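Presented below is the structure to which this report refers.
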Amino acid sequence: MSASGNNSERSAGYLLLRARQVFAALLICVVSTAQAETPTGKHRVDDLYYGQALYQFFQRNELAAITGLMTATARPARAGSQIDEARLLLADLYYSYGLHEESRSLFAQLLNAEVSDSIQNRIWFNLARLRYEQGYYDHARELLSLINDQLPDNIEAERKYLLSNLYLGSGDYERAAKLSGQIDSASIWQAYAHYNLGVALIEDEGLERGRDILDQLGQLESGNDELLALRDLANLSLALKQLRLGHAEPALESLLRIRLEGPLSNQALLASGWAWYRLQQFDKSLLPWQLLLRRNAVDSATQEAILAIPANYAEVGKDRLAIRYYELAAKQFDLQLESLQDAIQSISANELINALRNNALLEDRGDLQRQPPSSAVTPQLHLLLASKGFHREIKHYQELLDIRESLSNWDSSFATLELMLGERSQAFAERLPALQQSSSFDQYEKLSLQRDRLATQIAAIESSKDYQALAQVDELEHLERLQRVADSIDRLGAQRNTEDQQEMLRVLSGLMNYRLATDYPRRIWQSKKQLIHLDRALAEADERVVGLGRITDRTQLDLSEFRGRISGQSEKIDGLRLRVTDLLNQQEQQINRLAIDAIRVQQEHVRKLMLNARFELARIYDKLAVAN
Amino acid sequence: MKLITYIALLLFCLATPLGAQEVASETDTAGSSLEADIEALKKEVLSLNRDLFILEEDLLFPSNTQFSVFLSMNKGLFFSLDSVQLKIDDKNIANHLYTERELNALKRGGVQRLYIGNLASGEHEIVAIFVGIGPNGRDYRRGKSIVIEKSTEPQFVEFLITDDTAKEQPSFDVRIWE
């Protein structure tokens, strides 16, 4: 029995490793979800461009979100009051987009800038999270210690979770427990923190306390898929530990809580079989294993069950049944090898790639990393699909597809930009002669010279007080007539007496001069006023001439600048399209290579299992032959 | 004894699937130059995208005629948006049908640009018609309009769908951004 105990212990250890792989996949989802939640908080989005980038970000359109933020921050007036928020999100997105240097540089710029305490705390937090993900735990802890105020609720919960993990890493379970208890119970981070604490405790001499935590987590009621997955994981982790310690009954209690349709159900069924086996209830141990046989035949838990059933029969002396099941196992492994070989051929024929491309999940960025592509080879790749490295490769593939689509869009819309620029240039060229005429200085200069002459005349009249110079047309006529009368009187003076006429001329001339002299101040003032009006009109004309000239120059400059900005871009797009096509091919080959490598490893594994089944068959036949 | 032999073989075999990770990491190393190429491409494409977006806006929508309409909403407790139709001076200029993802993005604080185009200076009437599911799961259709005086500056109009918790009804508002 000790041998079987050892068997179940080691198998439990293996299962725990598998469970942790699944957990790693789960954790990736949690982190990406948490990142997505980060910037929402409770603040009001009061900047349209930032809000627009968020709209793309929340749809997991990373490329569009980054472009939107880059455009907004390139035009600071547009980013409005949330410029720092926008740059913080951009730095975060650079990181998740794999541009680590750009991310670090932007964080550094933000830290050097005068940002609010709230933004600064979030920068410390984001940097700490990045360092934590990179495995620089001490640095992450230092950065977390710089946070001097409460963060928004969702981020605060994650901060406590990270810090709690850091305490766990250094073996400080007390502080980790205290901190995980302080996490908002509505946040999923509390469940993750409790799970990590529970697992750490049961693995490190805190069995009872760890068991209580996992047991409690294993019974939580929720409608949330993520929490349900974590509940299954807590139950499985606890059950496997109990199995390793030989506590089969409590192990079964935890295993029974695991959902039969959940991602951990195969491991749970396998472990249930071992638990019954441990309790020497061999018939009962067969039930979950036989259920497993009806499931995915390439699953490792199923493969183990295929061999566990005949081993169980052999153990209780039912050799004929053992032979029957070992033969069945050998046949199943044969079929598996065939199926794996078919899978290699399918992958080589790009079936996996086509599934990735056609999979509707590809349209929902982010979800691809949670759910496998629907293809015939997917069941054979479950281990690979759960690995972080393969997720990264698929993410690259998706990014390249996005880039290809973006470049293709530019390629088709670029013609519109060129057409628009061409039409604007042509329209401007047609209007240019009229504009040049309107903005000509000739007419303005003529008027300006006339104005100067008038000003000189007025100045001369004023200095000489020549009031007659300001006489009006009818007055000038009167003056001329008086002059003619005076001349006539002079001519007639020698021939006859003209005293009366002279007297009348003197009175009339006196009246005229009196009128001109007394009205002079008003007239000179009027003239000067007219001159001022003329100056104003000339200044306006000057402004319009200069304005028209400026508009003409600016339009010419704008058009030339647009031509400069457009020039070469089409070729650049073409060049990038070629590069993305080449990289997509390479990435497809990389994905296929990884998938085929993983299947070859499985083939090797199944061959060994088959060898084992045949060896056991031969051994039982020998035994029966000897007995006969 | 036989079981021990079996266990030894079994455990040896079971250990191998984990080797898949090692194989994968070797291939990862081989793919690192590809990763560097992808990173370089991403940087170039981002920079190109930024330049072209700005160019497109400057060229197609000059600031003196530029006119944009945005849409935002809060939690959407009393209204689930299916589609929106936008009219300027009684002329249909944009229609949008919402996916679950887009609705989610709006509810979480995203702002959608429904329309960008050119509009002559002067008075214009902007009408948005919202169709969806209202309180108690009933079909719901509401219009909201605003008359604007377009100047020679870029103009932005935002339609907002909010929850009126007191009336347990959706509320449709509109504002003009300076």
Side-chain angles (χ1 to χ4, degrees), chain A residues 3-4 6-7 10 14 17 40 45 48 51-52 54-55 58-59 66-67 70-71 74 97-99 300 304 307 311 314-315 364 383-384 387 389-390 396 399-400 403 406 410 417 420-421 562 565-566 569 572 576 579-580 583 586-587 590 593-594 597-598 601-602 604-605 608-609 612 616 619, chain B residues 1-7 9-21 23-28 30-31 34-35 37-39 41-60 68 70 72 101-102 104-106 108-113 156 158 177:
Chain A
S4 63
N6 191 23
N7 188 11
R10 295 291 299 272
Y14 163 69
L17 280 168
T40 48
V45 175
L48 293 174
Q52 223 186 318
L54 283 181
Y55 182 65
F58 291 140
Q59 293 180 70
I66 295 175
T67 306
M70 283 173 84
T71 310
Y97 201 55
L99 303 179
S300 298
E304 190 176 340
L307 284 182
E315 179 72 11
D364 193 358
L383 266 182
L384 183 71
S387 72
F390 196 68
H396 285 329
E399 287 165 353
L400 287 171
I403 287 174
S406 163
W410 281 126
L417 296 185
M420 176 60 84
L421 183 58
F562 278 134
R565 283 162 73 184
I566 278 185
Q569 297 286 31
K572 200 172 175 181
L576 287 170
R579 270 172 66 191
V580 79
L583 288 173
Q586 287 187 49
Q587 188 62 19
Q590 167 83 347
R593 202 163 37 238
L594 282 169
D597 285 351
V601 169
Q602 284 191 62
E604 194 55 33
H605 172 60
K608 284 172 184 165
L609 292 176
N612 178 58
E616 285 300 316
R619 197 184 51 74
Chain B
M1 188 61 205
K2 63 191 178 197
L3 196 60
I4 294 172
T5 316
Y6 156 70
I7 291 163
L9 263 169
L10 184 68
L11 290 174
F12 175 70
C13 296
L14 284 175
T16 48
L18 299 175
Q21 299 294 316
V23 174
S25 59
E26 277 170 26
T27 320
D28 281 351
L34 176 61
E35 199 166 328
D37 287 346
I38 294 174
E39 190 181 323
L41 177 79
K42 284 196 280 194
K43 281 183 201 170
E44 282 187 56
V45 170
L46 282 176
S47 153
L48 176 85
N49 271 356
R50 181 199 54 203
D51 293 347
L52 290 183
F53 268 115
I54 294 174
L55 173 68
E56 185 181 53
E57 207 173 286
D58 290 349
L59 192 58
L60 300 185
S68 306
F70 293 85
S72 66
R101 254 190 327 151
E102 288 171 331
N104 254 340
L106 282 173
R108 290 168 69 186
V111 179
Q112 180 198 12
R113 186 166 68 183
F156 309 95
E158 182 188 13
W177 285 68

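For clarity, every value in this text was computed on a predicted model and none was experimentally measured. In what follows, chains carry the letters A, B, and so on, assigned in the order in which the sequence lines appear, proteins first and then strands, with residues in each chain numbered from 1.
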Note, [X] side chain near [Y] side chain (heavy atom, < 4.5 Å):
X: A:I566; Y: B:L59; value: yes
X: B:N49; Y: A:W410; value: yes
X: B:E57; Y: A:T71; value: no
X: A:L54; Y: B:R108; value: no

Using every non-hydrogen atom in the two residues, find where [X] and [Y] come nearest and quote the distance to one decimal.
X: A:Q59; Y: B:R101; value: O-NH1, 3.0 Å
X: A:L99; Y: B:E39; value: CD2-CG, 3.5 Å
X: B:E44; Y: A:L576; value: OE1-CD2, 3.7 Å
X: A:Y55; Y: B:A105; value: O-CB, 3.5 Å
X: A:R565; Y: B:L55; value: NH2-CA, 3.2 Å

Fill in the blank from the handout: If one checks every heavy atom of B:F53 against chain A at 4.5 Å, the contacting part turns out to be both
Problem - Which atoms of B:L48 approach chain A - backbone, side chain, both or neither, heavy atom under 4.5 Å - result: side chain
Handout entry: With B:D51 via side chain to side chain contact (heavy atoms under 4.5 Å, CB included) - residues at least two apart
Key = A:Q569, B:S47
Completion exercise
Assert top hit (heavy-atom pairs under 4.5 Å, partner chain A, pool B:D37, B:L106, B:L52, B:L41) equals B:L52
Side chain from CB out, backbone as N, CA, C, O: work out which of these in [X] comes under 4.5 Å of a heavy atom of chain B, or both, or neither.
X: A:Q586; result: both
X: A:L400; result: side chain
X: A:E399; result: side chain

Completion exercise
Taken to the nearest 0.5 Å, the spacing of A:L48 CG from B:F156 CZ works out to 7.0 Å
Practice task
Just give me the residue among A:H396, A:Q587, A:M420 that pairs up with chain B most often, heavy atom to heavy atom, under 4.5 Å.
Solution key: A:H396
Handout entry: By side-chain hydrogen bond (donor to acceptor under 3.5 Å, both in side chains) - contacts of B:S68 (at least two apart)
Key = none
Problem - Sidechain-backbone polar pair: B:K42 side chain, A:Y97 backbone, donor-acceptor under 3.5 Å - result: yes
